[in-house]
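Heads up, the thing below is written out as structure tokens.
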Amino acid sequence: MAHYQRRGSVPPHRHTQLRDDAGALLYEELMGEEGFSSDSSLLYHRHIPSALVDARPWQLPDQTTTPNEPLLPRHLRLHTLFAGPAGDVVTARRLVLGNDDVRIAYVWAREPSPLYRNAIGDECVYLESGSARVETVFGPLDARQGDYVLLPRGTTHRWLPGPDGVRAYCIEANSHIAPPHRYLSRYGQFLEHAPYCERDLHGPGEPEQHDGTDVEVFVKHRGAAGPTGTVHVLPHHPFDVVGWDGCLYPYTFDVADFMPITGKVHQPPPVHQVFEGTNFVICNFVPRKVDYHPLSIPVPYYHANVDSDEVMFYCGGDYEARKGSGIGLGSVSLHPGGHSHGPQPGAYERSIGVHEFDELAVMVDTFRPLRLGEGGRAADDGRYAWTWSGRGPGADSPGLEP
């Protein structure tokens with residue numbers, strides 16, 4: 001993120017002394033990406049940020065995945081995974097889908113989370129409902145329904161849900177997540193054709209000081225067989241930053257601030273893109289006017305996106321192309337590479353003459369096949385693959401409920 005931000009107290013020149021009012025020397029930390037070759041920020045701590053007094057393993061929620069075999073499009077009903085708010089946004093996540101580039105999890109939580117740091121990659125957390133304060137080492141973020149919360153790799157933070165809890169769709173990368181390169185100038189400014197700009201990105205408030213000793217931080221990190229966890233015990237609370245500046249920091253983006261790009265005929269999914277990571281993209285489909293050619297068919301054409309698996313999370317409105325499939329709010333559709341997908345029977349014809357779509361969905365397209373996590377397996381309705389034909393194999397067929 002090339003948009004420079006500054007909070008609190010920083011010295012006039014980088015890598016020079018900064019002292020508090022009592023004359024004590026503060027400790028400068030550079031948090032940066034790609035080996036000093038990309039975005040970074042400088043944070044100034046009251047205590048040494050490297051100090052540890054203990055460590056122990058953290059048993060992550062089930063991270064096992066199984067192949068999507070037999071190869072099928074699937075409907076995953078995420079709202080069935082939780083009977084009510086359970087646990088916290090970090091430790092109660094259930095893995096829905098994943099590969100070596102990205103993992104998608106879901107949670108409905110009400111409790112405060114522990115202090116947490118993802119050392120594998122950036123996180124992009126979409127709030128389906130509810131609200132939360134996300135306290136970070138940079139300062140707090142206030143998030144509400146419809147917000148994306150972008151948390152750079154290594155950012156120490158914790159989630160404090162509002163009184164009604166929060167439903168969160170968690171996209172965890174093995175890389176960094178950022179606005180698409182094609183939206184940016186060579187110096188990183190948003191260009192005129194981008195569907196959002198710097199004004200729509202909301203960084204943290206002023207850094208907050210917390211006291212405490214022997215403070216636990218839950219760290220998710222790379223292990224020999226995939227993600228693993230460690231709990232670090234710090235002698236002092238990590239929220240001890242008096243100031244920072246730079247171009248690397250957490251922020252929120254409200255999906256309602258995305259300005260949809262429409263056309264005379266149906267526009268392809270890249271016009272809906274909001275972020276990108278290594279080997280995947282994130283798009284959002286928002287309420288919008290649709291095609292105005294007199295012979296247009298506003299719903300998507302049938303398509304075989306041969307290089308991608310498509311994951312669509314339905315989180316608002318009424319998605320025109322999926323009527324008749326059983327898909328509703330809280331549903332995920334998985335359309336794997338190798339299967340042509342498109343509107344449900346009748347949706348193609350019903351869309352003719354429609355001028356607006358009232359729909360809200362978050363899409364992740366990956367360039368490597370996705371595997372089913374334990375949450376995905378538990379939420380699979382077992383019937384979606386047969387909805388285009390109206391009939392399927394017997395109840396004994398793999399993946400089909402009686």
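Remember, it's a predicted structure, so these values are computed and weren't measured experimentally.
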**Asked** With a 4.0 Å cut-off, would you call Glu356 and Arg288 a salt bridge?
**Response** no
**Asked** Can you tell me if Arg74 and Asn68 form a side-chain donor-acceptor pair at under 3.5 Å?
**Response** yes
**Prompt:** Do His45 and Glu29 have side-chain heavy atoms sitting under 4.5 Å apart?
**Reply:** yes
**Salt-bridge criterion met for Arg133 and Glu208 (N-O under 4.0 Å)** = yes
**Message:** If you define the side chain from C-beta out and look only at heavy atoms, does anything of Leu26 sit under 4.5 Å from Val242?
**Reply:** yes
**Message:** Would the distance check show the side chain of Asp200 and the main-chain N or O of Cys197 forming a donor-acceptor pair, the cut-off being under 3.5 Å?
**Reply:** yes
**Asked** Do Gln145 and Asp254 come within less than 4.5 Å of each other through their side chains, counting heavy atoms only?
**Response** no
**Prompt:** Does the side chain of Pro73 reach to within under 4.5 Å of the side chain of Leu334, using non-hydrogen atoms?
**Reply:** no
**Asked** Do Gln344 and Thr387 have a side chain donor and acceptor closer than 3.5 Å?
**Response** yes
**Prompt:** Taking the inter-plane angle between the rings of Tyr183 and His193 on a 0 to 90° scale, is it parallel (under 30°), tilted (30 to 60°) or perpendicular (over 60°)?
**Reply:** perpendicular
**Non-hydrogen atoms of Gly87 and Ala109 that approach each other most closely** = O-CB, 3.4 Å
**Message:** To the closest 0.5 Å, what do you measure between CG (Leu71) and CG (Asp309)?
**Reply:** 8.0 Å
**Request:** Compute whether any side-chain donor of one residue and acceptor of the other, for Arg222 and Asn174, lie under 3.5 angstrom apart.
**Result:** no
**Prompt:** Ignoring hydrogens and geometry, is there a side-chain-to-backbone donor-acceptor pair from His303 to Asn305 under 3.5 Å?
**Reply:** no
**Prompt:** Just one of Ile327, Leu97, Ile104, Val311 clears the side chain to side chain contact (heavy atoms under 4.5 Å, CB included) bar with Leu76, so which one?
**Reply:** Leu97
Residues 51-59, side-chain donor-acceptor partners within the protein, below 3.5 Å, at least two apart:
{"unit_1": "Arg56", "atom_1": "NH1", "unit_2": "Glu216", "atom_2": "OE2", "d": "2.8"}
{"unit_1": "Arg56", "atom_1": "NH2", "unit_2": "Glu216", "atom_2": "OE2", "d": "3.3"}

**Item:** Check against ring pair (Phe, Tyr, Trp, His ring centres under 6.0 Å), Phe190 and Tyr196
**Value:** CA-CA 8 Å; Phe190 280 89; Tyr196 62 98; 5.0 Å; yes
**Message:** Let me confirm one number: the CG-CG distance from Leu42 to Leu18, rounded to the nearest 0.5 Å.
**Reply:** 11.0 Å
**Ring-ring centroid check Tyr116 Phe218, cutoff 6.0 Å** = no
**Message:** Quick check on the 6.0 Å ring-centre criterion: do Phe285 and His272 meet it?
**Reply:** yes
**Request:** Quick one: pull up CG in Leu151 and CG in Leu141 and give me the separation to the nearest 0.5 Å.
**Result:** 7.0 Å
**Request:** Please confirm whether Tyr301 and Tyr348 have ring centers closer than 6.0 angstrom.
**Result:** no
**Asked** Where the side chain of Ser185 meets the backbone of Gln189, is there a donor-acceptor pair that is under 3.5 Å apart?
**Response** yes
**Request:** Using the salt bridge (Lys or Arg N to Asp or Glu O under 4.0 Å) rule, take Arg199 and Asp257 through it: C-alpha gap first, then chi angles, then the decisive distance, then the call.
**Result:** CA-CA 10 Å; Arg199 297 180 188 180; Asp257 291 330; over 6 Å; no
**Prompt:** Given Ser296 and His266, is the side chain to side chain donor-acceptor pair (under 3.5 Å) satisfied, shown in steps?
**Reply:** CA-CA 7 Å; Ser296 67; His266 187 82; over 6 Å; no
**Message:** Could you check whether atom CZ of Arg19 has more than 12 heavy atoms from other residues, nucleotides or ligands sitting under 6.0 Å from it?
**Reply:** yes
**Asked** So how far is it from Cys124 SG to Glu276 CD, rounded to the nearest 0.5 Å?
**Response** 12.5 Å
**Request:** Verify the distance criterion only: is there a donor paired with an acceptor across the side chains of Arg158 and Ser113 at less than 3.5 Å?
**Result:** no
**Request:** List the steps, then state whether salt bridge (Lys or Arg N to Asp or Glu O under 4.0 Å) holds for Arg93 with Glu172.
**Result:** CA-CA 11 Å; Arg93 293 179 187 180; Glu172 303 178 14; 2.6 Å; yes
**Prompt:** Hey, what do you get for OG (Ser308) to CG (Asp365), rounding to the nearest 0.5 Å?
**Reply:** 5.0 Å
**Asked** Tell me, do Val166 and Val89 make a side-chain contact under 4.5 Å, heavy atoms counted?
**Response** yes
**Fill in**
dist His15:NE2 -> His13:NE2 (nearest 0.5 Å) comes out at 12.5 Å
**Message:** Tell me if a side-chain donor or acceptor on Gln209 pairs with a main-chain N or O of Val241 at a distance below 3.5 Å.
**Reply:** yes
**Message:** So His202 and Tyr251, do their side chains get closer than 4.5 Å, heavy atoms only?
**Reply:** no
**Request:** State plainly whether the residues Arg77 and Asp381 are in salt-bridge range, i.e. N to O under 4.0 Å.
**Result:** no
**Message:** With a 6.0 Å cut-off on the ring centroids, do Trp244 and Tyr249 count as close?
**Reply:** yes
**Request:** Would you please test Glu135 and His157 for side chain to side chain donor-acceptor pair (under 3.5 Å) and show each step?
**Result:** CA-CA 5 Å; Glu135 295 181 339; His157 65 282; over 6 Å; no
**Arg182 CZ: over 12 foreign heavy atoms closer than 6.0 Å** = yes
**Request:** Provide the closest heavy-atom pair for Gly203 versus Arg7 in the form atom of the first, atom of the second, distance.
**Result:** C-NH2, 4.0 Å
**Message:** Here's a test for you: under side chain to side chain contact (heavy atoms under 4.5 Å, CB included), which of Val274, Asp122, Thr278 qualifies with Ile177?
**Reply:** Asp122
**Request:** Determine the sole option in Tyr148, Phe275, Phe253, Tyr314 for which the ring-ring contact (aromatic ring centres under 6.0 Å, His included) test with Tyr126 is passed.
**Result:** Tyr148
**Item:** Minimum side-chain heavy-atom gap Val96-Tyr169 below 4.5 Å
**Value:** no
**Message:** Any side-chain to backbone donor/acceptor pair from Asn118 onto Ile120? Under 3.5 Å, distance only.
**Reply:** yes
**Complete:** Here the pair of heavy atoms bringing Ser331 nearest to Gly326 is OG-O, 4.5 Å
**Request:** Tell me yes or no: between the side chains of Thr65 and Arg371, is some donor less than 3.5 Å from an acceptor?
**Result:** yes
**Fill in**
From the list Asp211, Asp240, Asp21, salt bridge (charged side-chain N to carboxylate O under 4.0 Å, His left out) partner of Arg46 resolves to Asp211
**Item:** Under 3.5 Å side-chain donor-acceptor pair for His79 and Glu128
**Value:** yes
**Prompt:** Which atoms form the tightest heavy-atom contact between Pro298 and Asp291, and what is the distance?
**Reply:** CA-OD2, 3.3 Å
**Message:** For a quick test of reading the model, state the closest non-hydrogen atom pair linking Val299 to Ser351 and the distance between them.
**Reply:** CG1-CB, 3.4 Å
**Message:** Between Arg153 and Glu123, does any side-chain N to carboxylate O distance fall below 4.0 Å?
**Reply:** no
**Asked** Ignoring hydrogens and geometry, is there a side-chain-to-backbone donor-acceptor pair from Asn99 to Asp101 under 3.5 Å?
**Response** yes
**Asked** Between the main-chain N or O of Asp88 and the side-chain N or O of Arg110, is there a donor-acceptor pair closer than 3.5 Å?
**Response** no
**Message:** Angle between ring planes, His335 versus His341, binned at 30° and 60°: parallel, tilted or perpendicular?
**Reply:** parallel
**Prompt:** Do Thr230 and His221 get their side chains close enough for a donor-acceptor pair, meaning under 3.5 Å?
**Reply:** yes
**Request:** Report yes if some heavy atom in the side chain of Val215 is under 4.5 Å from a heavy atom in the side chain of Pro238; otherwise report no.
**Result:** yes
